[in-house]
Amino acid sequence: MKLIVGVIEARNIPAMDVNGFSDPYVKLQLGKQRHKTKAVKKTLNPSWGEEFSFKVEDLNEELLITVLDEDKYFNDDFVGQLKVSVSQVFDAHNKSLGTVWYSLHPRNKKLKNKECGEILLNIYFSQNNSYLDSTYNGDHASALRKHEDMDVKDISRSFSGSSNSSSPPRQDDNVSSKEEKSSAQKSLAGRITQMFNRNFDIGPTTSTRSTDLMEMPEISRADVFDNKADDQSSSFEEAMEALCSRDQGSEIPSNLPGGVLLDQLYVIAPKELNFLLFSPDSSFPRSLAEVQGSTDPQIGPWKFENGGESLKRIYSYIRAPTKLIKAVKATEEQTYIKADGKTFAVLASVSTPDVMYGSTFKVEVLYCISPGPELPSGEESSHLVISWRMNFLQSTMMKSMIENGARQGLKESFEQFTTLLEQTIKPVDSKDIGLNKEQILGSLQAEPQSDLKLAVEYFANFTMVSTVFMSLYVIVHICLAAPSTIQGLEFLGLDLPDSIGEFIVCGILVLQGERVLQLISRFMHARVQKGSDHGVKAQGDGWLLTVALIEGSNLAAVDSSGYCDPYVVFTCNGKTRTSSIKYQKSAPQWNEIFEFDAMKEPPSVLDLEVFDFDGPFDEATSLGHAEVNFVRSNISDLADVWVPLHGKLAQACQSKLHLRIFVENTRGGNVVTEYLRKMEKEVGKKINVRSPQTNSAFQKLFGLPPEEFLINDFTCHLKRKMPLQGRLFLSPRIIGFHANLFGHKTKFFFLWEDIEDIQVLPPTLASMGSPVIVVTLRPGRGMDARHGAKTRDEEGRLKFHYQSFVSFNVAYRTIMALWKARALSPEQKVQIVEEESEAKSLQSDESGSFLGLEDVSMSEVYSCALPVPTGFCMELFSGGELEYKAMKKAGGLDYSCTPWESEKDDAYERQICYKFDKRVSRYRGEMTSTQQKSQLPNKNGWHIEEVMTLQGVPLGDYFNV
């Protein structure tokens with residue numbers, strides 16, 4: 001009897017390394033048997049997907065599972081552990097604990113409150129060739145009824161008899177049987193264990209019945225493939241139905257860390273796409289093999305394993321030879337890890353043992369199929385995401401070379417995969433979704449709500465009915481009762497209660513009246529709020545944000561009625577939109593559309609919060625909040641999305657909102673140029689438009705949407721415990737850092753809106769003589785980038801230290817300009833300008849200086865006095881024939897300049913561009929510059945400054961002239 005342990009994944013593992021991550025792996029021990037998984041690098045939510053077997057000799061043993069953090073040079077760090085009793089697994093239903101999340105515990109019991117994370121395990125007994133397991137199948141139910149009165153000893157003898165009928169027993173078999181029988185446990189479980197161990201050594205019999213009992217392979221009741229091999233199509237459909245019925249709402253697996261190979265929407269239902277890629281009857285795998293040049297494809301049947309918990313198949317083929325590698329055999333094990341009828345996830349583990357170092361690694365590819373947005377034509381769409389990673393079974397010095405080779409091979413293979421798939425089914429163009437926004441939103445109609453219907457919904461409750469009844473009852477009583485005599489402390493005009501009962505009734509009437517007045521005031525205020533911002537059209541040109549609020553689900557109830565009066569407040573770039581109030585609803589239907597006025601820059605975040613309306617005078621109760629991050633999301637994915645709400649009430653009820661979000665630009669295609677031109681004025685330096693290849697690499701590096709573009713990047717050091725050299729990337733919406741030091745990558749980014757303050761620390765010995773830019777985030781913001789922060793204060797603010805810039809002043813001015821443009825309110829911008837104007841170091845800038853003379857020390861290289869008028873010398877800067885002749889003689893080719901434009905009082909600016917002649921520079925680089933001229937204080941001459949940027953020359957990106 002074998003105990004099978006499947007180590008699937010873990011979550012919320014504590015960070016054990018200085019980079020904010022861990023390198024976790026799992027060790028398993030049962031008695032003297034030990035196994036361990038591979039180590040997953042730099043993650044707090046590792047995924048292993050490995051399975052181990054243990055031979056069970058004593059049901060009283062415990063399985064010890066320990067999670068450790070791998071360290072290359074020191075002892076591995078302990079993360080957490082748990083113990084599982086073998087008898088607990090044996091006594092469970094079907095001798096399986098199923099796939100369950102277990103909490104990890106610290107080794108020291110004094111630290112029992114310490115969070116160590118959770119691990120997902122699948123633990124069960126494998127009972128191959130056991131009599132009990134075989135008799136549970138439908139064809140052998142009679143065998144179970146025949147032997148139900150036999151004890152375990154008789155069952156063992158029947159097996160021995162059937163074995164003797166075919167061949168004489170071996171002597172060592174009898175000896176081992178006697179030893180096992182003498183040492184058997186007194187309990188029934190012990191004797192069953194003895195029986196299982198004996199069954200493994202029983203030989204086949206000649207009788208048909210014995211053969212059916214003893215040679216039956218391991219089979220589950222859900223395994224439809226072994227029973228219906230002649231009808232693979234129906235078998236696959238039944239297998240999918242079986243998997244869907246077992247799905248318990250597990251989360252969609254996240255993309256593998258190696259990268260995304262394909263991310264595309266297709267005009268096909270998710271179920272049909274799943275059949276196309278993985279059904280045995282589909283011709284797509286064989287067509288793909290022909291396109292890729294693979295030969296001898298062997299596609300095995302889908303089979304259930306682990307008691308019907310997982311569905312697997314083996315796909316083998318011979319890969320086509322390349323320039324470096326000959327034709328080799330590849331074996332692909334495909335496993336369904338999620339299938340619920342709408343979402344499918346298949347993990348393919350590819351092994352190529354015949355290639356060099358092939359036994360040390362496997363390539364894992366994850367196929368995720370999920371429902372896409374609803375198309376204007378009414379057709380269904382599917383979202384296919386394919387990601388990959390390397391799974392190294394052994395450590396090797398050739399790891400980097402193997403990864404690069406696998407990455408290149410996968411890229412070429414899935415380019416062919418994408419081409420063939422697009423020829424088979426039509427991909428969805430995200431632009432088509434945006435163009436048909438009006439059609440999608442046109443189908444939404446907000447339910448009109450009259451005042452009468454609102455009053456009925458609001459006043460048709462027990463409080464109102466009881467109050468009306470009691471009021472009528474008291475009025476009738478007053479009419480029927482005779483006036484009472486004045487007694488006690490009463491006097492004419494003051495009638496006091498004469499008993500405790502009358503006092504209680506008066507108190508109830510007062511409370512009821514107060515409640516009714518509150519209801520009436522809330523109703524009157526609700527009539528004012530009924531219209532909301534639905535239907536208010538956006539104004540201006542720029543980035544337009546449109547949000548359609550469809551419905552809510554499982555909203556929390558805060559009063560005794562079991563319902564709430566919800567309304568939603570949307571906030572983006574300081575502007576808010578409010579929905580109407582839906583009374584006495586826990587699953588309200590809004591169908592309302594909100595448009596935000598045009599914004600100059602694309603939005604970064606949309607904040608939304610759901611409130612429970614409690615009248616005009618009481619503070620509204622928050623039912624949950626959420627954040628839609630446009631930087632981390634693809635705009636096409638937001639066209640139809642369910643947003644889960646956060647907060648104590650929302651998470652307890654699993655509340656969520658159904659939204660449709662659209663972002664479009666109405667200013668045309670010059671957005672990048674206009675934005676850079678505006679930033680040039682703030683920075684005082686020419687900013688060049690990056691090439692599409694550079695922008696694409698930047699977007700891929702940080703996983704950004706296509707509309708994000710790179711403005712500038714700087715080499716610097718990130719100061720944590722030790723300085724880390726890397727590059728700082730700046731774009732309109734994010735500030736990111738990336739470093740790759742000996743294969744150890746550090747990468748993070750956060751939004752400009754997350755920044756609370758930016759300060760400059762003076763140079764010190766610790767900063768290697770360089771000023772330090774300290775970026776402080778708002779409390780609780782940028783937590784995804786916390787591994788790059790130097791400190792975190794008591795209020796939860798992360799602080800990032802950047803130093804050792806090649807051009808500190810340019811970097812600082814660019815960072816401040818982007819932060820001011822993005823995150824500051826107009827009042828904050830005015831305050832910063834006033835502070836800068838008071839600073840002595842910026843006096844030259846305020847007086848019209850273009851360079852900022854405090855930044856550099858200027859050296860005089862030429863000086864002379866000429867007996868000519870000043871106007872004649874200024875002809876050299878007029879853009880006329882004299883200027884062109886002078887620049888041609890000086891070695892400037894393809895010279896061009898723009899006209900002078902007025903920037904401020906008595907200050908003019910223009911742009912110049914030309915190439916170097918070979919006599920000037922053998923690199924033949926290009927020069928772009930910005931010139932500024934202003935009159936001298938005595939009005940007798942001109943002051944001309946120029947900032948030159950060299951391109952195409954060595955180290956030209958690191959300095960200006």
Side-chain angles (χ1 to χ4, degrees), residues 49 222-226 228-229 231-247 250 252-253 255-256 260-292 294 297-306 308-317 330-351 362-372 380-388 410 413-414 416-425 427:
D223 192 351
V224 298
F225 290 101
D226 290 345
K228 299 183 179 181
D231 190 4
Q232 291 188 344
S233 177
S234 62
S235 299
F236 186 70
E237 292 180 0
E238 293 177 16
M240 288 295 101
E241 293 176 0
L243 278 181
C244 295
S245 64
R246 292 195 180 106
D247 187 82
S250 58
I252 301 176
N255 294 335
L256 299 182
V260 175
L261 299 168
L262 176 62
D263 186 350
Q264 181 63 47
L265 292 168
Y266 294 95
V267 185
I268 187 174
K271 188 175 181 180
E272 296 176 2
L273 180 58
N274 174 59
F275 273 71
L276 174 68
L277 298 181
F278 301 108
S279 173
D281 285 348
S282 174
S283 60
F284 183 81
R286 299 188 184 277
S287 300
L288 180 63
E290 293 178 3
V291 172
Q292 296 177 343
S294 301
Q298 302 288 334
I299 304 178
W302 288 101
K303 293 184 179 181
F304 277 100
E305 296 184 0
N306 301 345
E309 291 292 331
S310 61
L311 184 64
K312 295 184 179 181
R313 78 171 177 183
I314 303 298
Y315 174 33
S316 62
Y317 51 90
T331 303
E332 190 171 321
E333 183 184 81
Q334 299 175 347
T335 307
Y336 272 93
I337 56 179
K338 180 174 178 61
D340 61 4
K342 295 182 179 179
T343 304
F344 303 89
V346 177
L347 180 66
S349 180
V350 185
S351 59
K362 288 185 178 181
V363 179
E364 295 180 351
V365 181
L366 177 63
Y367 300 80
C368 285
I369 304 173
S370 58
E380 292 185 76
S381 66
S382 299
H383 187 198
L384 175 61
V385 180
I386 304 177
S387 56
W388 75 285
L410 286 171
S413 297
F414 277 91
Q416 298 169 333
F417 176 94
T418 304
T419 303
L420 180 62
L421 191 59
E422 289 179 353
Q423 295 173 357
T424 308
I425 53 178

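A cation-pi contact, defined as under 6.0 Å to the ring centre and within 45° of the axis, links R246 to F304.
Side-chain contact between P301 and P280: absent, with no pair of heavy atoms (C-beta onward) separated by less than 4.5 Å.
Residues forming a salt bridge (charged side-chain N to carboxylate O under 4.0 Å, His left out) with K362 (at least two apart in sequence, or on another chain): none. For Q334, the side-chain hydrogen bond (donor to acceptor under 3.5 Å, both in side chains) partners are R313, E332, not counting sequence neighbours. In this structure E305 satisfies the salt bridge (charged side-chain N to carboxylate O under 4.0 Å, His left out) test together with K312, sequence neighbours excluded.
Between the CD1 atom in I369 and the OH atom in Y266 there is a gap of 10.5 Å [rounded to 0.5 Å]. Interatomic distance, CG of L347 versus OG of S310, reported as 11.5 Å (0.5 Å rounding). Going from atom OG of S235 over to atom CE of M240 covers 11.5 Å, rounded to the nearest 0.5 Å. Remark: Q298 CD to Y315 OH distance equals 9.5 Å, nearest 0.5 Å.
Here the two rings, on F417 and F284, have centers that are under 6.0 Å apart.
With respect to P371, the side chain to side chain contact (heavy atoms under 4.5 Å, CB included) criterion is satisfied by exactly one of S381, P270, S382: P270. Residue S370 is tested with H383, K338, K342 for a side chain to side chain contact (heavy atoms under 4.5 Å, CB included); the sole match is H383.
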Checklist entry - What's the verdict on side-chain contact (heavy atoms from CB on, under 4.5 Å) for V291 and T419, showing C-alpha distance, side-chain angles and the deciding distance? => result CA-CA 10 Å; V291 172; T419 303; over 6 Å; no

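Judged by distance alone, the side chain of W302 and the main-chain N or O of F278 form a donor-acceptor pair under 3.5 Å.
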